[in-house]
Amino acid sequence: MWEELRWRGLVHVSTDGDALKELLGGPPITFYCGFDPTAPSLHLGNLVQLLTMRRIQLAGHRPLGLVGGSTGLIGDPRPTAERTLNTRDTVAEWVGHLRNQVARFLGAEGENALRVVNNLDWTAPLSAIDFLRDVGKYFRVGTMLKKDAVSARLNSAEGISFTEFSYQVLQGMDFLQLYRDYGCVLQTGGSDQWGNLTSGTDLIHKAEGTSVHAIGTPLITNSDGTKFGKSEGNAVWLDPTMTSPYAFYQFWLNTDDADVIFRLKVFTFLSREEIESLDQAVASEPFRREAQRALALEVTTLVHGAEATEAAIKAAAALFGQGELTELPGDVLDAALRELPHVTAAPASSVAQLLVDTGLTASLGESRRAIAQGGVYVNNAKVADDSATIGDAFLGAGLAVLRRGKKTLAGVFRA
RNA sequence: GGCAAGUUACCCAAGCGGCCAAAGGGAUCUGACUGUAAAUCAGACGGCUCAGCCUUCACAGGUUCGAAUCCUGUACUUGCCA
């Protein structure tokens, strides 16, 4: 198991490797990973953790999925800037969403079924005095200041609030609580969380005299230096209402050659042999994008299921196909457009406004610019005039394909 | 609590009375080339009823024909001292 994780590149930092190897190769242990509600949905960064947990679960170990009902109210310090606090209601609502998402990826059946816990359950009843006496005494300020996230902020013009500074203590408490309640001896998380992970192992060492473990997975980056997990500048979410399965599939399909093998290791359950064979394919026939197709298929199926994935593939085939749109059966095109952002509109609607309505552009000015730059198409015909209306461009079934650039599409249905 | 410095568009960062919708870099978008890659080159990058107009340079007032630039107050941030 340990070797498997290492081969997939999932271990960036960890506590003692030999001990972990033994632990993961031995009888079932209980381990946990936490997810803070910073948004209504988890994103691709969280997916790394979810799949890592699943791998460890498949080796027979018992996962605890922690949702950060309390830590989400405090905010994990980011290196750049202080977070804006969300209301308690908002956080509580997001916690609910995260619970469901976490449950989707981890088996709920059998000996080592997923158990979901919420750190608000043990944090909320704690008084400030108890917190400072029973927990605070174990933490040395010098150590706390050395954590990367904290020191980065201290050295910045932004500074850090006491609230965010305290975050590591809360996360340390979580690990201790889970150790006591469930015998949890391993925590996984992103390597940017390393300071918070060790906060827990240190606390348990001091409070209980036991050594427990932590694994930090690497931060996923793109080889060209841009930020991973952004499509069109927006985050890629696991929630299908926030990122459609179609957009999700497209995101993976557009993976850079230089990154695709690494992604397959991290984000799919394909075997070593299968991935190595795809590696060959990238080297010998890159233009076929076999590895990208496999990646997009696997990950979309994991997150959205086989049915939604099939619809996304069919939609892509229809919209990116070589043939004329008019030659496509009406129902195929109709289904494809429903996978995309779409609106209904009257023939008198201007193309520029429809671009805004479908989210292809952010403002009319941007629409005009895009048209002037020759980047807007209706049913694959370039729009030349920024005052154009959708007019009679509707195809037989009363729909039209709006495109910006090469691959950003939207559907328009006749009102 | 005292003293000092700072707050510019998505991010970093210039500007220090008119030539400023505001240099430069990054990110992003479009075009060319391609494989719905990458790299490279070119253009765009506040909003609009777009040869013009409107709203921006922390916030609120003021000085001035004219302010991102000067003055006053407020908020926030940082550093040093207590």
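Keep in mind the model is a prediction, meaning the values are calculated, not measured. Convention: sequence-line order gives letters A, B, ...; per-chain numbering from 1. Side chains included, hydrogens not; waters and symmetry mates left out as well; all remaining heavy atoms used.
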Can you build the contact string for nucleotides 3-13 of chain B? Use B for base contact, S for sugar-phosphate-only contact, and - for no protein heavy atom under 4.0 Å. -----------
Whole-Å distance, A:Leu409 CG to B:rU30 P, equals 11 Å
Partner nucleotide of B:rA44 by Watson-Crick or wobble geometry (both distances under 3.5 Å): B:rU28
Counting distance only, does the side-chain N/O of A:Asp386 pair as donor-acceptor with the main-chain N or O of A:Ile371 below 3.5 Å? no
Using atom C1' in both nucleotides, what's the gap between B:rA4 and B:rC29 to the nearest angstrom? 43 Å
Considering only heavy side-chain atoms of A:Asp256, the closest of B:rA38, B:rG43, B:rG31 is B:rA38
Can you check each nucleotide of nucleotides 47-57 of chain B against protein heavy atoms at under 4.0 Å and return B for base, S for sugar-phosphate only, - for none, in 5' to 3' order? SSSB-------
Inspect the surroundings of CD in A:Glu307 and state if more than 12 heavy atoms from other residues, nucleotides or ligands are less than 6.0 Å away. no
Can you name the residues that form a ring-ring contact (aromatic ring centres under 6.0 Å, His included) with A:Phe394, not counting sequence neighbours? none
Taking the side chain of A:Tyr377 as its heavy atoms from C-beta onward, which of B:rU36, B:rG43, B:rG31 lies nearest to it? B:rG31
For the side chain of A:Arg153 and the backbone of A:Arg78, is there at least one donor-acceptor N/O pair under 3.5 Å apart? yes
State the pairing partner of B:rU63; accept Watson-Crick or G-U wobble contacts with both distances under 3.5 Å, and report none otherwise. none
Using the benzene-type ring in the case of Trp, are the ring centres of A:Trp252 and A:Phe267 under 6.0 Å apart? yes
Among residues 330-342 of chain A, which residues get a heavy atom nearer than 4.0 Å to RNA chain B? none
Can you tell if the side chain of A:Gln187 reaches within under 4.5 Å of the side chain of A:Phe31, non-hydrogen atoms only? no
Sequence-aligned protein contact record of nucleotides 77-82 of chain B, with B where the base is within under 4.0 Å of a protein heavy atom and S where only the sugar-phosphate is: SSS---
Taking NZ in A:Lys206 as the centre, count heavy atoms belonging to other residues, nucleotides or ligands within less than 6.0 Å. Is the count above 12? yes
Using a 4.0 Å cut-off on protein heavy atoms (strictly under), produce a 5'-to-3' string for nucleotides 21-27 of chain B with B for base contact, S for backbone-only sugar-phosphate contact, and - for none. ------S
